[in-house]
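The next block holds one structure in the form of structure tokens; read it before the comments.
Since we're looking at a predicted model, the values are computed, not measured. In what follows, chains carry the letters A, B, and so on, assigned in the order in which the sequence lines appear, proteins first and then strands, with residues in each chain numbered from 1.
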Number of protein chains: 2
Amino acid sequence: MKNTTIKTIAQVTSLSLTTVSRVLNGSAKKYRISEETQKLVLKAAAKLNYAPNRAAVSLRLKRSFSVGLVIPTLSNPYFADVASMVSHALRAKGYSVVLMDCDEDENSEVEAVRLLVAQNIEGVIIIPSGAASAHIDTLLQRKIPVISIDRYHEDIPVSYVATHHYEGAYDITKYLLQAGHKRIACLQGSNSVVSNNLRVKGYTDAMKAAGCSVFSVAGNSFTSESGYIETKLLLQKKDRPTAIFALSDTILLGALKALEEDDVRVPEDMSVVTFDNSSYLDFLACPITSVAQPVNDIANISIKILLEQIEAHLKGTEVQQMKLLINPSVVYRKSVKKIGKGRPGRLV
Amino acid sequence: MKNTTIKTIAQVTSLSLTTVSRVLNGSAKKYRISEETQKLVLKAAAKLNYAPNRAAVSLRLKRSFSVGLVIPTLSNPYFADVASMVSHALRAKGYSVVLMDCDEDENSEVEAVRLLVAQNIEGVIIIPSGAASAHIDTLLQRKIPVISIDRYHEDIPVSYVATHHYEGAYDITKYLLQAGHKRIACLQGSNSVVSNNLRVKGYTDAMKAAGCSVFSVAGNSFTSESGYIETKLLLQKKDRPTAIFALSDTILLGALKALEEDDVRVPEDMSVVTFDNSSYLDFLACPITSVAQPVNDIANISIKILLEQIEAHLKGTEVQQMKLLINPSVVYRKSVKKIGKGRPGRLV
DNA sequence: ATGAAAGCGCTAACAT
DNA sequence: ATGTTAGCGCTTTCAT
């Protein structure tokens, strides 16, 4: 049982390839093909279980109807959430999603982009794993629409939709400061990533604005291991911090483990806040106050822009760079203790 | 700047399409193409940033080099982990992964399979969202290799690799029983899914084997909401359970929230165990004992089998149905209190 | 060791 | 209202 093609149907119906093609891809009306003929073709197609050959259509139309989704790793629930939303929205619009999990590795990401290009992908949604931007610039030069999510590059004209990392970090640091903390440690992720650096800047600026010297910025990756090690180190200092700001929930988990091992209680002995707002924060020994990223908005806006750009690209219109920063909110829980004489309470 | 094709390279190098094609797809040796010529072509290709057109190759070879990955939802970290591993392994073997997130919806899953078929997908890895199997049978009839992960169908000859759900549930229930618990409640997920039902059976069989009547099996979906509601209900009973077995970590989270709200302490007032072993279990108020699914093994074995089946399919060999159940292990933490006169301690 | 030519399945001018 | 034809980019006999 060979695969059914329009040729098969043409033979069966004694019509030309053109006519068959036209009714099968919905342009029957445009070419005023008779109802009769249409029915004939449709019936034959149904009977023979016809499905158009995507490769052929793709080759001919120079369209692939698929977009690439490049992600550092799905093991990170935040990225997984983005991926989930993006994949839904895209599917609803008739696009296939080609997934590239890069394991937080830049080389893997470069390779992923190469593969996507070879697949004539029509657009790319990417959460960069590092600072490298040349491969993304390649896409831009090929006029392939790209939306960078969460992390982005300022050195190339790529559109992006991201959390306003700076603000989120600034706000939550300010909250800590107003609760009376002065020695606030910052546990960072990879410093080759903009989102991390903006968060760090939000933290340091807030500290400075409050007249506090920056206590410490430690760590080097968005992992529990990094959070664990740096917290262990922090606890060794004679001048311990009174609060810790973990720049991601993964880092937080490692920090909590270190605190627990050394019998440091949250929030009694150490206040802790984080960035991401994973659903499990509510259920931790002490529910942790966190900056919540607007995942839904980010995903939806990204898709909207990407589709518009793809549309524009097809029409030959010049696509415009979009730069959107979405304000995050702080979800207050129980992990911050008011100390000293600082003005306590929630910030609004 | 047009796209580079082998034609471009042929012109630049003054060689024929054939020769260029041969060196570019690695069959240079087979045709004894001179080192010199090879270098010439390779250099030109590199300079022009050549990437083969997948659609063309695909059309010509009647292969798509892509496989479908059908997942209930990436929001579930367990599924996301599987997706991550699967996508890596597949990429390493030269396959693209087309992602279909079904939002735990059967109709969406059926549609996803239809779309994959139209794409001439070479194989499918699926974690079913429900009990429907007709669409999967369609794939089988088209001789498209399919591996079902985690959840599977016994009514069609589909290959599967899954956790030995029954054993895991049986073992952890037995552990609870041996710790002296008799009134053990089971919080289930969706009962239209084999994995759930096998876990329930493991629980009930263990209860019966210990001479205990089955206390209760409640709930209807793998969500925190379901866990929350059912636990609330459980706490209303005059005959409260002394232990709760949540059939997934999502359910667990909801249960813990309900317990906390009613000031029921774990493990003092209520022992709790779960299924999945997400990494955050270690960091909860009380670290929760859990059945750990062998994600790594499952993902790797699945890919291995899928690739073998694709290989076989290409050769025209008949593919064989594989049914693999991988034994899970129990990770003991601190959420179970020994009560009564039951023999305490860890089971081995 | 290299090339010419046919064809994979489909669409879109360009006929008629 | 329907048909003819060329060609998308690639691989592969079948030459030489």
Side-chain angles (χ1 to χ4, degrees), chain A residues 2-42 44-45 48-65 117-122 142 314, chain B residues 1-42 44-45 48-66 94 117-122 314:
Chain A
K2 282 189 57 194
N3 250 323
T4 311
T5 72
I6 52 170
K7 193 170 166 187
T8 328
I9 298 181
Q11 284 162 353
V12 171
T13 58
S14 323
L15 286 162
S16 72
L17 290 180
T18 316
T19 305
V20 174
S21 169
R22 279 169 180 155
V23 357
L24 256 21
N25 64 30
S27 51
K29 190 152 290 171
K30 187 172 152 197
Y31 291 98
R32 291 173 241 199
I33 289 168
S34 71
E35 283 296 328
E36 205 179 1
T37 307
Q38 291 191 43
K39 266 177 198 148
L40 187 66
V41 172
L42 259 13
L48 296 170
N49 200 14
Y50 171 81
N53 182 322
R54 272 266 209 133
V57 177
S58 182
L59 178 60
R60 179 63 234 230
L61 261 33
K62 292 178 175 303
R63 293 200 56 183
S64 61
F65 301 99
V117 169
Q119 267 175 86
N120 303 312
I121 229 71
E122 293 191 42
R142 288 179 182 255
L314 290 175
Chain B
M1 159 182 147
K2 282 189 54 194
N3 251 322
T4 310
T5 72
I6 51 171
K7 193 171 167 187
T8 328
I9 298 182
Q11 284 162 352
V12 171
T13 59
S14 323
L15 286 164
S16 72
L17 292 179
T18 315
T19 305
V20 173
S21 169
R22 279 169 180 156
V23 356
L24 256 21
N25 64 30
S27 50
K29 190 153 290 171
K30 185 173 155 196
Y31 290 99
R32 291 172 243 198
I33 289 168
S34 71
E35 283 296 327
E36 206 178 2
T37 306
Q38 290 191 44
K39 266 177 197 147
L40 187 65
V41 173
L42 260 13
L48 296 170
N49 200 13
Y50 170 81
N53 182 320
R54 274 267 210 131
V57 178
S58 183
L59 177 60
R60 178 65 231 231
L61 263 32
K62 293 180 176 301
R63 295 197 53 184
S64 63
F65 301 99
S66 56
V117 168
Q119 266 176 86
N120 302 312
I121 228 71
E122 293 191 40
L314 291 174

Inset, instruction - Could you state the atom-to-atom distance from CG of A/Leu24 to P of C/dG9 in whole Å? - result: 15 Å
Inset, instruction - Kindly say whether, by distance alone, the side chain of A/Arg22 makes a donor-acceptor pair under 3.5 Å with the base of D/dG3? - result: yes
Legend entry - Non-hydrogen side-chain atoms of B/Val57 and B/Phe65 separated by less than 4.5 Å: yes
Legend entry - D/dA1 base / A/Thr19 side chain donor-acceptor hit below 3.5 Å: no
Inset, instruction - Would you mind reading off the distance between A/Lys30 atom NZ and D/dT2 atom C1', rounded to a whole angstrom? - result: 15 Å
Inset, instruction - Examine D/dT11: is either OP1 or OP2 under 4.0 Å from a nitrogen or oxygen in the side chain of B/Tyr31? Give yes or no. - result: no
Legend entry - Validation row: B/Leu17, B/Lys7 side chains within 4.5 angstrom (heavy atoms): yes
Legend entry - Rounded distance (Å) that lies between atom C1' of C/dC10 and atom CG of A/Asn53: 8 Å
Inset, instruction - Round to the nearest Å and state the distance from A/Leu59 atom CG to C/dG7 atom P. - result: 17 Å
Legend entry - Among C/dG3, C/dA6, D/dG3, the one nearest A/Leu15 by side-chain distance: D/dG3
Inset, instruction - Please examine the side chains of A/Ile9 and A/Leu24, heavy atoms only from C-beta on, and report whether any two atoms are closer than 4.5 Å. - result: yes
Legend entry - Heavy-atom check, side chain of A/Val23 versus side chain of A/Leu15, under 4.5 Å: no
Inset, instruction - Would you mind classifying the nucleic acid contact of B/Ile33 as base, sugar-phosphate or nothing, using non-hydrogen atoms under 4.0 angstrom? - result: sugar-phosphate
Inset, instruction - Grab the NZ-P distance between A/Lys62 and D/dC10 for me, whole Å please. - result: 9 Å
Inset, instruction - Please work out if A/Thr5 contacts a base, only the sugar-phosphate, or nothing of the nucleic acid, heavy-atom cut-off 4.0 Å. - result: sugar-phosphate
Inset, instruction - State the OG-CZ distance between B/Ser64 and A/Arg54, to the nearest 0.5 angstrom. - result: 10.5 Å
Inset, instruction - Choose from C/dC10, D/dT11, D/dC8 the nucleotide whose nearest atom is closest to any side-chain atom of A/Val57. - result: C/dC10
Inset, instruction - Report yes if a donor N or O on one partner sits less than 3.5 Å from an acceptor N or O on the other, where the partners are the side chain of B/Ser27 and the base of D/dT11; otherwise report no. - result: no
Inset, instruction - Please report, rounded to the nearest Å, how far the P atom of D/dA1 is from the CZ atom of A/Arg32. - result: 6 Å
Legend entry - A/Ser16 side-chain proximity, nearest of D/dG3, D/dG9, C/dT11: D/dG3
Legend entry - Touch class at under 4.0 angstrom, heavy-atom based, for A/Ser34 against every strand present: sugar-phosphate
Inset, instruction - For the side chain of B/Thr18, starting at C-beta, report the closest nucleotide among D/dT11, D/dA6, C/dG3. - result: C/dG3
Inset, instruction - Report which part of the nucleic acid A/Thr37 touches: base, sugar-phosphate, or nothing (heavy-atom distance under 4.0 Å, all strands). - result: sugar-phosphate
Legend entry - Distance in angstrom units between B/Leu17 CG and C/dA1 C1', rounded: 17 Å
Inset, instruction - Would you kindly give the CZ-to-P distance between B/Arg60 and C/dC10, to the nearest whole Å? - result: 16 Å
